[in-house]
Amino acid sequence: MTRTEAPDDVVLVYTTAASLVEAETIGADLVERRLAACVNILPGMRSLYRWKGAVERADEVVMIVKTARRLVEPARLRFREAHSYETPAFLVIEVPGGDADYLAWLRAETA
């Protein structure tokens, strides 16, 4: 299998932001720096979670970051610098395959 065919070199990062403005700012930064090929932003999510011993509720914005595995750590560091949360979600999800043309585009945009 060649490098361009490797199904495990592409990942998604699931994360959230406190606002649409924050998500767009972080997403644009990641794409402009080629740390991500694309960032999907889905506003209007309600989160329930335990934080420092109390159950919290917050309106958040979902972000799905499409990137290459080799860029996860630099993207995470840049993300943490720009994010308002003390401990933001940053979950890496394996992509075992997909449309070959789309994956080739994603690889090219993060080259």
Side-chain angles (χ1 to χ4, degrees):
M1 200 178 260
T2 67
R3 178 72 179 139
T4 58
E5 296 171 343
D8 62 348
D9 67 333
V10 172
V11 297
L12 301 177
V13 175
Y14 172 87
T15 186
T16 60
S19 70
L20 184 57
V21 170
E22 182 175 65
E24 288 180 354
T25 300
I26 293 170
D29 183 60
L30 294 175
V31 172
E32 287 169 8
R33 293 172 182 269
R34 291 191 175 272
L35 295 174
C38 175
V39 177
N40 298 129
I41 298 172
L42 299 99
M45 181 183 73
R46 181 71 143 167
S47 292
L48 304 170
Y49 56 95
R50 184 173 301 278
W51 181 249
K52 297 184 178 181
V55 175
E56 302 286 341
R57 290 165 179 76
D59 291 325
E60 293 185 297
V61 176
V62 174
M63 298 172 66
I64 301 170
V65 180
K66 301 169 188 175
T67 191
R69 176 178 310 289
R70 65 184 163 68
L71 297 174
V72 166
E73 188 57 17
R76 187 190 68 78
L77 292 173
R78 188 71 190 140
F79 178 82
R80 290 293 299 257
E81 287 175 5
H83 207 284
S84 63
Y85 292 171
E86 182 180 336
T87 307
F90 194 91
L91 304 172
V92 179
I93 301 166
E94 301 293 327
V95 176
D99 180 79
D101 291 338
Y102 186 82
L103 295 175
W105 168 81
L106 192 152
R107 290 180 184 108
E109 291 304 312
T110 57

Colleague: Please find the pair of heavy atoms, one from A18 and one from E22, that lie closest to each other, and give the distance.
Modeller: N-OE1, 2.8 Å
Colleague: Share the residues that join L48 in a hydrophobic cluster, the rule being Ile, Leu, Val, Met, Phe, Trp or Tyr side chains under 4.5 Å apart at the heavy-atom level.
Modeller: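 L48 clusters with nothing; isolated.
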Colleague: Using the rule given for side-chain contact (heavy atoms from CB on, under 4.5 Å), can you reason through L30 versus L71, listing the C-alpha separation, both sets of side-chain angles and the distance that settles it, and then say yes or no?
Modeller: CA-CA 10 Å; L30 294 175; L71 297 174; over 6 Å; no
Colleague: I need the minimum non-hydrogen distance between E109 and A37, along with the two atoms involved.
Modeller: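 Heavy atoms only, the tightest pair is CB-CB, 3.7 Å.
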Colleague: Counting only N and O atoms by type, is there a donor-acceptor contact under 3.5 Å from the side chain of T67 to the main-chain atoms of L35?
Modeller: yes
Colleague: Kindly work out whether a path of hydrophobic side-chain contacts (I/L/V/M/F/W/Y, heavy atoms less than 4.5 Å apart) joins L42 to L12.
Modeller: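 Same hydrophobic cluster.
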Colleague: What's the shortest heavy-atom distance between P43 and I41, and which atoms?
Modeller: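 The pair with the smallest heavy-atom distance is CD-O, 3.6 Å.
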Colleague: Let me confirm one number: the OH-CE distance from Y14 to M63, rounded to the nearest 0.5 Å.
Modeller: 11.5 Å
Colleague: Less than 4.5 Å apart, any side-chain heavy atom of V10 and any of R107?
Modeller: yes
Colleague: Are I64 and W105 joined in one hydrophobic group, where the rule is that I, L, V, M, F, W and Y side chains link up if heavy atoms are under 4.5 Å apart?
Modeller: yes
Colleague: Just how far is it from atom OG of S19 to atom CG of D59, taken to the nearest 0.5 Å?
Modeller: 11.0 Å
Colleague: For the hydrophobic clusters of this structure (ILVMFWY residues joined by side-chain heavy atoms under 4.5 Å, transitively), does one cluster hold both V31 and L20?
Modeller: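 In one cluster with V31: L20, yes.
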Colleague: Do the side-chain N and O atoms of Y85 and E60 include a donor-acceptor pair separated by under 3.5 angstrom?
Modeller: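 Checked: Y85/E60 side chains pair up, N/O donor to acceptor below 3.5 Å.
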Colleague: Same cluster or not: L91 versus V95, using hydrophobic residues (I, L, V, M, F, W, Y) connected whenever any side-chain heavy atoms lie under 4.5 Å apart?
Modeller: yes
Colleague: Does the pair T110 and R34 meet the rule for a side-chain contact (heavy atoms from CB on, under 4.5 Å), with working shown?
Modeller: CA-CA 5 Å; T110 57; R34 291 191 175 272; 5.5 Å; no
Colleague: How close do A68 and L106 get, counting heavy atoms only, and between which atoms?
Modeller: N-CD2, 4.3 Å
Colleague: Does any pair with a residue in residues 72-82 pass side chain to side chain donor-acceptor pair (under 3.5 Å), and if so which ones, sequence neighbours excluded?
Modeller: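 Listed once each, the pairs are D29-R78, E73-R76, R78-E81.
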Colleague: CG/L103 to NZ/K66 distance, rounded to the nearest 0.5 angstrom?
Modeller: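 Going from the CG atom of L103 to the NZ atom of K66 covers 10.5 Å.
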Colleague: Between V61 and A23, which heavy-atom pair has the shortest distance, and what is it?
Modeller: CG1-CB, 3.8 Å
Colleague: Treat each ILVMFWY residue as a node, draw an edge where side-chain heavy atoms are under 4.5 Å apart, and state whether L77 and V92 are in one component.
Modeller: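 Each belongs to a different hydrophobic cluster.
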Colleague: Enumerate the residue pairs fulfilling ring-ring contact (aromatic ring centres under 6.0 Å, His included) with a member in residues 54-79, sequence neighbours excluded, ordered by first and then second residue.
Modeller: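 Those involving residues 54-79 are F79-H83, F79-F90.
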